[in-house]
Amino acid sequence: MAVSSRYIAEQRLASSAGRSGFRMPNPGDVFILTAFAWAALCFAMVAIGGRFFNQIARLSSSRAFRELLSVDQTAIAGIMVVGLLAIATGYFLLVRYPKTLLAFLLFGMSFSAARWEPVYAPAFAMRYLVIVFVAVSAGIFTLLNFWRIIATPYYRLVALYLAWIGLIVLINGFKLRDIWYFATEVTLMLGLGLAWISRYDNYEKLIELNKLIAYMAIPITILHMISPIVIDSAFSIGRFQSYSDRATGFATTYSLLLVPLFWLSMYEERKLPKQIATAFALIGMSLVLLSGTRNATVASIIGIGVLWWIFRTRIFVYLIALAMLGLLVQILLSGNEAIETVTSRLGSTENTRLGAWALYGRLSMESPIFGYGYAGLPSAVYGASLIDFIGRFATINVPGVHNYYLGLAVRFGIPAVLLSCTIIYLAFRTSWQVVFNKYVPDIEKRAYIMPCAMFTVVVAEGLFEDPLGSTGKGSLHGVMFAISAFVMVVYGRRLLEAA
């Protein structure tokens with residue numbers, strides 16, 4: 001369906017007349033504050049050393065970087081200078097070309113734990129460059145617009161959720177992992193979801209946002225496709241895991257990018273872009289199928305089904321053909337043993353998560369209000385005395401919770417779950433009202449439905465995995481949650497008001 005230039009002009013006029021009214025941070029202030037914080041952090045690592053120094057070093061997945069910091073602390077002086085130059089260069093790109101912010105973040109979140117150094121190194125740098133930029137911007141933005149945020153009901157709900165997480169972090173003793181999670185949540189929800197996404201406030205800009213995400217999914221897909229060529233561990237026990245250390249880690253992250261690819265294949269009217277998007281969407285779905293990850297497969301199909309409700313294309317016919325093609329490729333590449341592994345995995349009704357759910361359900365009932373935080377969870381699982389003894393020699397990990405909502409409850413209490421679920425409920429309620437409102441133009445729905453589908457995948461995968469909170473350092477799911485929730489509610493309410 002062609003979009004008339006008159007409609008776009010009307011949307012631009014309405015957008016310029018109804019800006020959010022937020023005061024945005026000055027880029028120079030953001031840079032100066034970041035540079036000061038970076039220099040202070042490097043100084044602290046030299047002056048304080050010890051456990052703080054080692055915890056900072058472990059934030060990197062690069063063994064060479066950790067060994068460099070752990071062996072020679074004089075390297076920090078050079079790292080500080082190089083870091084300042086990188087911050088200056090990166091911030092110039094982010095300010096001069098705003099689209100690079102989301103592009104860097106999508107690439108960084110997709111590959112910052114990759115096991116192939118040529119992919120991992122730039123992804124790690126991009127991820128934390130953008131995270132720091134958005135984090136500092138979020139802090140300044142909150143100070144400039146605090147009362148505006150508090151006065152707006154939905155923004156106030158988000159602020160209340162973040163305030164509760166901050167309170168639990170304080171009660172639990174201000175531990176580093178808890179602080180990291182809290183800072184990441186503030187960064188994504190306020191800096192990215194509220195401040196940065198507020199610029200996409202009309203149809204033309206929302207289409208621009210959707211296409212940016214969709215086109216970034218193409219090079220990410222290509223990198224996953226070549227993983228069997230560049231590393232030997234792209235397949236494990238017949239399951240595709242790309243650069244990740246397990247198939248689930250690859251599939252749950254990458255499945256979020258299937259929605260933009262399928263959306264572009266349905267929305268695009270130009271023949272060549274439509275064919276390219278369709279090809280990569282089908283290839284991407286094949287990779288998820290080859291991973292044998294049930295949760296990611298089902299969530300992806302649900303998200304694509306949300307798109308189908310608006311576009312009504314023959315998408316499910318494509319998916320059936322794709323499943324058959326995926327099985328054929330698996331047979332040709334891996335033989336019968338691998339195909340038996342994947343098909344048995346997809347068809348299995350066994351659920352090894354029940355034991356973890358029982359454990360964390362009991363723990364959440366023992367501390368239903370305040371939870372245990374990230375730092376206190378190992379003591380709650382294994383006992384404080386054991387952790388105090390073994391923790392001197394090694395880092396102790398706890399079993400994965402495999403459920404975002406239960407994980408949030410056991411870490412930050414049931415009130416945090418209720419606040420998070422309220423945010424989710426309002427997003428779904430608003431989107432339902434928009435999609436089924438006959439007065440909202442169809443062209444608006446075709447743009448609006450993509451964030452809805454991505455959000456649906458995030459929420460669905462949270463039922464059987466903990467993609468939003470398992471690492472405590474942010475994830476692609478957290479990025480999509482923040483972006484989609486604000487688009488669904490804020491932009492959706494504008495559509496309802498206009499209708």
Side-chain angles (χ1 to χ4, degrees), residues 105-106 108-110 112-113 127 131 134-135 138 157-158 161-162 164-166 168-169 177-194 197 244 248-257 259 293 295-296 298-300 302-303 353 356-357 360 364 371-374 377 398-428 451-489:
L105 194 56
L106 292 176
M109 288 295 186
S110 296
S112 60
R127 168 177 175 158
I131 285 290
V134 177
L157 173 65
V158 174
Y161 164 75
L162 296 173
W164 179 263
I165 299 296
I168 301 304
V169 172
R177 286 201 66 190
D178 296 337
I179 296 172
W180 191 268
Y181 179 82
F182 170 67
T184 303
E185 285 289 272
V186 172
T187 299
L188 296 180
M189 296 299 288
L190 293 183
L192 185 66
L194 179 54
I197 208 67
S244 181
T248 303
F250 153 72
T252 53
T253 299
Y254 177 72
S255 60
L256 286 173
L257 298 177
V259 168
T293 306
N295 186 33
V298 173
S300 300
I302 293 174
R353 295 173 173 83
W357 290 347
Y360 287 111
S364 65
Y372 299 95
Y374 279 92
L377 197 53
V398 296
V401 63
H402 295 290
N403 184 286
Y404 161 67
Y405 312 97
L406 186 55
L408 189 61
V410 77
R411 295 183 188 112
F412 299 103
I414 293 176
V417 180
L418 296 177
L419 291 169
S420 179
C421 288
T422 304
I423 294 172
I424 293 171
Y425 164 73
L426 290 176
F428 276 131
C452 300
M454 291 193 303
F455 191 78
T456 302
V457 174
V458 173
V459 173
E461 289 190 343
L463 295 173
F464 295 96
E465 295 294 340
D466 187 18
L468 288 165
S470 59
T471 64
K473 302 175 185 177
S475 64
L476 187 60
H477 287 74
V479 172
M480 296 304 192
F481 185 98
I483 291 175
S484 301
F486 280 93
V487 170
M488 291 168 70
V489 174

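For reference, positions follow the sequence shown, starting with 1.
For the pair His402 and Asn295, the minimum side-chain heavy-atom distance is 4.5 Å or more.
Remark: the backbone N or O of Gly462 is not paired with any side-chain donor or acceptor of His477 at under 3.5 angstrom. Judged purely by atom type and a 3.5 angstrom limit, Trp164 has no side-chain atom pairing as donor or acceptor with the backbone of Gly413. Using modelled atom types, no side-chain atom of Asn403 and backbone atom of Glu465 make a donor-acceptor pair closer than 3.5 Å. Side-chain N or O atoms of Thr252 include one that pairs as donor or acceptor with a backbone N or O of Thr248 at under 3.5 Å.
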Should Val459 and Phe428 be marked as a side chain to side chain contact (heavy atoms under 4.5 Å, CB included) after you check the CA-CA gap, both sets of side-chain angles, and the distance that decides it? CA-CA 10 Å; Val459 173; Phe428 276 131; 4.1 Å; yes
Check against side chain to side chain contact (heavy atoms under 4.5 Å, CB included), Phe455 and Ile483: CA-CA 9 Å; Phe455 191 78; Ile483 291 175; over 6 Å; no
Evaluate side chain to side chain contact (heavy atoms under 4.5 Å, CB included) for Phe182 paired with Tyr374, printing each intermediate quantity in order. CA-CA 11 Å; Phe182 170 67; Tyr374 279 92; over 6 Å; no
I would like to know whether Phe481 and Ile423 meet side chain to side chain contact (heavy atoms under 4.5 Å, CB included); could you show each step before the answer? CA-CA 10 Å; Phe481 185 98; Ile423 294 172; 4.3 Å; yes
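Annotation: the span from Thr293 atom OG1 to Phe250 atom CZ amounts to 8.0 Å, rounded to 0.5 Å.
Listed by chain and number, the residues in a side chain to side chain donor-acceptor pair (under 3.5 Å) with Tyr181 amount to none (sequence neighbours excluded). Among residues two or more places apart in sequence or in another chain, the side-chain contact (heavy atoms from CB on, under 4.5 Å) test is passed with Ala135 by Thr187. Taking Ser255 as the reference, Glu461 meet the side chain to side chain donor-acceptor pair (under 3.5 Å) condition, with sequence neighbours excluded. The side-chain contact (heavy atoms from CB on, under 4.5 Å) search around Thr253 returns Leu476, not counting sequence neighbours. Legend: residues meeting salt bridge (Lys or Arg N to Asp or Glu O under 4.0 Å) with Asp178, ordered by chain and number and at least two apart, are absent. Partners of Tyr405 by side chain to side chain donor-acceptor pair (under 3.5 Å), not counting sequence neighbours: none found.
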